[in-house]
Visitor: 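Take this structure first; my questions come after.
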Amino acid sequence: MIESLDPGTLYPFGGAALFALGLHGLIRRRHLILRILAVNIMGSGVFMVFLGIAARGNAPPDPVAQALTLTGIVVAVSATAFALALTVHLARLTGYAVLLPGPLQTHRDSHPDDR
Amino acid sequence: MSTASPDTLIFATGALAAVSLGLPLLASAWPWQARRIGLLGLPLAILGLLAAVGLFLDAAPGMDAPAVRVGLGGWEAPLGVTLHLDGLALAMLLLNALVALAGSLYARGYIHTAAGERQFWPLWLWLWGGLNLLVLSGDAFNLFITLEIASLSAVALVALTGDTDAVTGAMRYLLINLLGSLSFLLGAALLYGEFGVLDLQLLGELADDGPTVRMAAALMLGGLLMKAAVFPLHVWLATAHASAPAPVSGMLSGMVVAAMFYLILRLWLLIFAPLGTPALAVLLGLLGSAALVWGSLQALRAPRLKIVAAYSTVAQMGYITLAFPILILHPAAWPVVVFFAFAHGLAKAAVLMAAGTVQKAAGHDRMNALGPVLRARGRTVFALGLGGISLMGLPLTGGFLAKYLLLEAGLLAAADTTTIMQVWTALWVVMVALGSLLATAYILRMVAPAFAAGERNPGGHVSAGMEWMPLALAVGAAAMGLAGASLTGLLEHTTVAA
Amino acid sequence: MNAALLTFDFVLLAGLLGVAWRCLASTDLFRAVVLFITFGLLLAIAWVRLEAPDIALAEAAIGAGITGALLLVTLERLKHIMNRPRTDTDHDPAPPPDPVASDADAPGAAPTGDAASRAADAGNAALSCAPAPARGRWITLVVTVGLAGLLMATLATQEHDPGLQPTVAEHMDVSGVDHGITAVLLNFRSWDTLLELAMVLLAGLGAWSLGRHDALPARPTPGPVLPGAVRLLLPVAIVTGVYLLWAGSHAPGGAFQAGAVLGAAGILVSLARPHELPDPDPRLLRIGVTAGALLFLAIGLWGLFAGPALLTWPSELAYPLILIIETGATLSIALTLVALFIGGRSPREDT
Amino acid sequence: MNLLLVAAAGFLLLTILFGLIRVLRGPGSGDRMLTAQLFGTSGVGILLLLGFALDQPALVDVALVFALLAVVAAVAFVRQHGLPEPAGTPMHENPVEEQPHDPPHNPPEDTHDR
C-alpha cells in the first residue's frame, strides 16, 4: 500500500502540517520577524498543497496549478518585503520590533493637555 | 428589443478593468501628477460606470444569463480568468466609486504637502482600483491577488500618517490580512484539487455538500470574516481605522470592510449556499449579536472621536453578520446585505471624514475637549448628525431601509421554520432594535457637545472639500432611503446558484 | 527505486517540518533567519520531487538569494535601531509602558552583567527575543493540531483530478510558446500575471511611502576578496538572468526567475559598492519600476479595442509579444527588488 | 544506477540534517552562516543527482541559480559582520549619529537555547 504513495499524495499532508505550524508560530510569537517568517511558512504549506495537487496521479503535472503557485510565491515575496520594511519603520518609531498587546496611546483616556 | 449589444457590454467590462488598473499604474509611474490623474480620472470613471449601469439595465432583460462574463485573453473558463459583471458587482463598483471620489475631493485639502501627495495618491488609486478588480473578478485565485493588492495598499495608506499608533495599527492590519488571504488561498487550493476548476460559477455548478467544500468554506469565509473584522476577530480594526488619514479611514470603514462582505455574499450565493444549516445560522447570529453589543459599548466609552466611529464599524458589521443567519433561513433576503453595505458605507465614510475635519480643525479628537470646535462648525456637525441618523436607522434614511428590510426578512424567515429557530430569530430582531438604541447613544455622544452652551472656536483652517464632502456623503446615505427601489432593480440581475 | 525515493520524501518532509519548527521556536533572530534560509533550500528540493522545476528555480532565487538578503539586512537595521542610545529628541518620550515586559523583546531585558560585557553583547541582545509565553500554550496547540488534522482528512478524501492539464495541452499550439507554465502565465491566465506585477510594484511603493534612504556612499573594503568576487559573479548573474528569460518560452525559466537573478545582481553591487552609487533620477526610477506592468497593459489594450477581450492578441504574434512583455516585466521586477533592498525612496523625490 | 544516485542524494540530505546541529548551537553568527552556505553546496549536489536520477535536465539550471544566489546571502552577511560599516545605514528619515560598529561576535549564545 505504501508503495502506491506518490509524492503528489504525500506532500499535501506535509503542506497541511506546515500551514498549521506556521499558524501556531504566528499566534504564539510576538517578535515581528518571527511572525513574518511564520506567515511565509504558512504560505509554503499552501503552495505545497497546490503543487501536490498538480502532481497527483500518473499524468504529467498540471501546469495551471504550478503557474498559480509561481504567482503566489511572487505575491508572498512582495508582501514579505513590504512587511519587513514596515517592521523596520515600527522599530524606528518605538524601539521595539514587537506588537505589544493592550491599549495604544489613542485608546488611553487621559492626555496631558486635558489637565 | 434592447439597444445595447452584448459586445458593448463586454467592452465596457474590459474597459472598467483596464481603467481600474491603468489609473493607479499611471499615478505610480508619475506621482508628480498623481493628484491630477486621480481627480480627473475618478469622475470620468464614474461617468463610465454610470453608462455601464445604463447599458446593463437596458440589456439585462434580454440576456439569457444575469451576468456579463468576459474571458480575459480570449480564454473562457475554466482555462482563462473570467471577469464577472452583474447587478451585485455594479452596485459595489458604484459604492466604491462614490466613496473614493468623495474621499479624493476631501484628500485634496487634507493632504497638503507636495511630498505627502506623491506618496498618498498612487496608493489611494491602488486601493480604489484593487477593490474594483476584486469586485469584477470571477475566479478564486484571481480573487486572492486582488485581495492582496487591496490590503497592501490599505496597509500602506494606514501607515502613511507615520505616528506610532498608525504604524502599529498598520502592522496588525497587515498580519491579519496576510493570514486571511492565505486561508482564502488554501480554501481555493482544496476546491481546485477536488473539482479542477477555479472559476466561481463553474465551481458553483460542481460543488456538493462534501468534506472539501465544507473545509474550503470554513477557510475562505473564515479568512474573509477576519479581514471584515467580525467579532471576535475585530481587534485590529479600531487602531487601523482610527489612526489612518481621514479619507483613508472613510474608505476603510465605508468600502474595504463592505468589499469583504460582498465577497462572502458572492461566494455564498454561488458556491456555499447548500452548506447553510440552522447550527451555522445560530453561530453567525451569536457572533453578530456579540459584535453589535461589544462594539457599541466600546464606542460609548472610547475617548476619541475617530475611535468612537471605528468601534461603531465593529457594531455595524454585527448587523451585516446578523443578516446571514436570516438569509440561511430565507435565501431570497440576500439583497439586505447590499443595502446595509450601501447605507453603512456612505454614512460611515461621512462620519469618519467629518471626524477627520474636526480633528484637523481642533488639532486633536479627544471627546471631552471638542465642544468649542463642534459648536462653531455647523456643517461638519450636520454631516456627523445626518450620517449618524442613518446609522441609527431613523425613518427615511438608508439605514432605516436596510434595517426595515432586515426585520421584514427576519419575520418572513421566522414564518416558515421550526419553533426553536423562531425563538432565535426573535432574538436577532430584538438585537437589531437594541443595536439601534445603542447607536443612538453613541451618536448623541458625538454631536451633543455641539448643542451645549459654551465657547465657540472654529479652530484651524480646513478646506472646502473637507467641509462639504462629509455632508455630501451623509446626504447620500440619507437619500438611500428614497433611492432604494433603483438599487433593488439593479440587484435583480445577479448570478445566484440554482 | 520507489522505496528509496519514498524514504527520501519522508526524510525531506521531516526535515522541513523540523527546520520550520525550530525556526519559529527560536529565541535568536539570526538563527531563525539562517534556519529559514535552510527551509527555503529544502523547499526547493521538495518542489523538484513534485516535478515543478520552475517553482524550484523561483524558490532557489528567492529563498537562497532575495529573501535571505532582505532578512539579513532587516536584522542589521533592527540592530542599529535597538543599539542606538535613545535621546530626548526621539519620537516617543518613553518606551511603551509595558505590562508585558516579559513578553516584549526589550534590549534592556538582556542578561545583565558588567557594563563592558553588556556593550559587547549589545549587538546580539538586540537580535534575541523572548520565548513564547506559557499562557495559552495548550489552546493554540489544540487548535492548530485540530486544523492540521481536518485539513489532512479533507485531503485524504480527494480523488486524483487531472485538473486543467489536458485543457492546457489542447491549446498549447496557439499559445505562442512551448512551455506549459509560460503559456498559462503569459497567455491563458495573463491577467493573474499582470496583477502579480502590480503587486510587486505595490510592495515597492509601500516601502517608499514609509521613508527615505540616505545617500549610498562607497564602502571601502580592506581586502580584495569582496570586490573580486563581485567582479566575477556579476557578469555570470547577468548572463544567467538573460538566459532564464529566453529559456522561459520552452523550458523552466521566465520573467520572475530572471528578474530575481538580475535583482540579486543589483543587490550584490549595492552590497559591495566599491564606488559611491549615484542616486538615480527618481523620475526614471518610478517609470522603471512601473514600465513592466504599463507595457503589459498597453499591449493588452489592443485586444480590448480589436476584440474579443482585454489581453487578447493574434496567435501568430503571440511569441514576440510574450517576449516583449517578459523582458519589460523582468527589468521592472529586478529594479523593484533592488529598491526594496536599499530601503526607502530616493531623497530627491521629495524636492 | 539510478538507485545509487537517489541514495547519494539521500545521503547528502542527511548531512544537511546533521549539519543543522551547528545552526542550532552556533555558537557564533559566523558558524551559522557558514553552515547555511555549506547546505547550499549540498543542495546543489542533491539537485544535480536528482536531475540525473529522475531525468530532468532542467534541474541543472536550478542548481546553477542556487550556486549563484547563495553568494548573495553570504555577501550580505560578510558585509555586515566582517567589515566596518560607514555611517548612515539606509532608510533613516534623519541621519543617525555615527556609532562604532559592533565587534565580532562570539559571545556564548547558548544561554538562549533550551
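Note that the coordinates shown come from a computational prediction; the quantities given were computed from them, not determined experimentally. First the proteins, then the strands, lettered A, B, ... as listed; each starts at 1.
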Visitor: Inspect the contact between C:Arg345 and C:Asp350 and indicate whether a charged nitrogen and a carboxylate oxygen are less than 4.0 angstrom apart.
Guide: yes

Visitor: Quick check for you: among C:Pro53, C:Gly253, C:Ala14, C:Gly18, which has the greatest number of heavy-atom pairs under 4.5 Å with chain D?
Guide: C:Pro53

Visitor: Could you look at C:Glu51 and say if it's the side chain, the backbone, both or neither that has a heavy atom under 4.5 Å from chain D?
Guide: both

Visitor: May I ask you to decide if C:Leu245's main-chain N or O and C:Gln257's side chain share a donor-acceptor pair within less than 3.5 Å?
Guide: no

Visitor: Distance check, rounded to the nearest 0.5 Å: C:Cys129 atom SG versus C:Leu29 atom CG?
Guide: 4.5 Å

Visitor: Counting C-beta onward and ignoring hydrogens, is there a side-chain heavy-atom pair between D:Met33 and C:Phe30 closer than 4.5 Å?
Guide: yes

Visitor: Counting C-beta onward and ignoring hydrogens, is there a side-chain heavy-atom pair between C:Arg49 and D:Leu54 closer than 4.5 Å?
Guide: yes

Visitor: Side chain from CB out, backbone as N, CA, C, O: work out which of these in C:Ala265 comes under 4.5 Å of a heavy atom of chain D, or both, or neither.
Guide: neither

Visitor: Picking from D:Leu14, D:Thr35, D:Ile46, which has the most non-hydrogen pairs under 4.5 angstrom with chain C?
Guide: D:Ile46

Visitor: Taking non-hydrogen atoms and a cut-off under 4.5 angstrom, which of residues 234-241 of chain C neighbour chain D?
Guide: C:Val236, C:Ala237, C:Thr240

Visitor: Of the listed residues (C:Leu268, C:Val48, C:Val19, C:Leu42), which shares the most heavy-atom pairs with chain D below a 4.5 Å separation?
Guide: C:Val48

Visitor: Quick check against the 3.5 Å criterion: does D:Asn2 have a side-chain atom that pairs as donor or acceptor with the backbone of D:Ala53?
Guide: yes

Visitor: I'd like to know if the side chain of C:Arg31 reaches the main chain of D:Leu24, judged simply by a donor and an acceptor atom lying under 3.5 Å from each other, with no hydrogens or angles considered.
Guide: yes

Visitor: Do the side chain of C:Ser270 and the main chain of C:Gly266 share a donor and acceptor less than 3.5 angstrom apart?
Guide: no

Visitor: Side chain from CB out, backbone as N, CA, C, O: work out which of these in C:Ile267 comes under 4.5 Å of a heavy atom of chain D, or both, or neither.
Guide: side chain

Visitor: Which residue out of C:Pro252, C:Ala61, C:Ala69 racks up the most heavy-atom pairs below 4.5 Å with chain D?
Guide: C:Ala61

Visitor: Counting heavy-atom pairs under 4.5 Å with chain C, which one of D:Leu47, D:Ile16, D:Val23 comes out on top?
Guide: D:Val23

Visitor: Could you check whether any side-chain N or O of D:Gln37 sits under 3.5 Å from a backbone N or O of D:Ala70, counting only pairs where one atom can act as donor and the other as acceptor?
Guide: yes

Visitor: Can you tell me which portion of D:Ala9 sits under 4.5 Å from chain C's heavy atoms? Options are side chain, backbone, both or neither.
Guide: both

Visitor: Is C:Leu41 in contact with chain D via its backbone, its side chain, both, or neither, using a 4.5 Å heavy-atom distance?
Guide: both

Visitor: Below 4.5 Å from any heavy atom of chain D, which atoms of C:Leu75 appear? Answer side chain, backbone, both or neither.
Guide: neither

Visitor: So for C:Leu244, is it side chain, backbone, both, or neither that comes closer than 4.5 Å to the heavy atoms of chain D?
Guide: side chain

Visitor: Between C:Ala251 and chain D, with a heavy-atom cut-off of 4.5 Å, which part of the residue counts as in contact: side chain, backbone, both or neither?
Guide: neither

Visitor: Take the angle between the ring planes of C:His250 and C:Trp246 and call it parallel below 30°, perpendicular above 60°, tilted in between.
Guide: perpendicular

Visitor: Go through the structure and list residues passing side chain to side chain donor-acceptor pair (under 3.5 Å) with C:Glu59, not counting sequence neighbours.
Guide: C:Trp47

Visitor: Counting C-beta onward and ignoring hydrogens, is there a side-chain heavy-atom pair between D:Phe66 and C:Leu57 closer than 4.5 Å?
Guide: no

Visitor: Given heavy-atom pairs under 4.5 angstrom as the criterion, report whether the side chain, backbone, both or neither of C:Val230 touches chain D.
Guide: neither

Visitor: Please check this pair: side chain of C:Thr182 against backbone of C:Gly248, looking for a donor-acceptor N/O pair closer than 3.5 Å.
Guide: yes

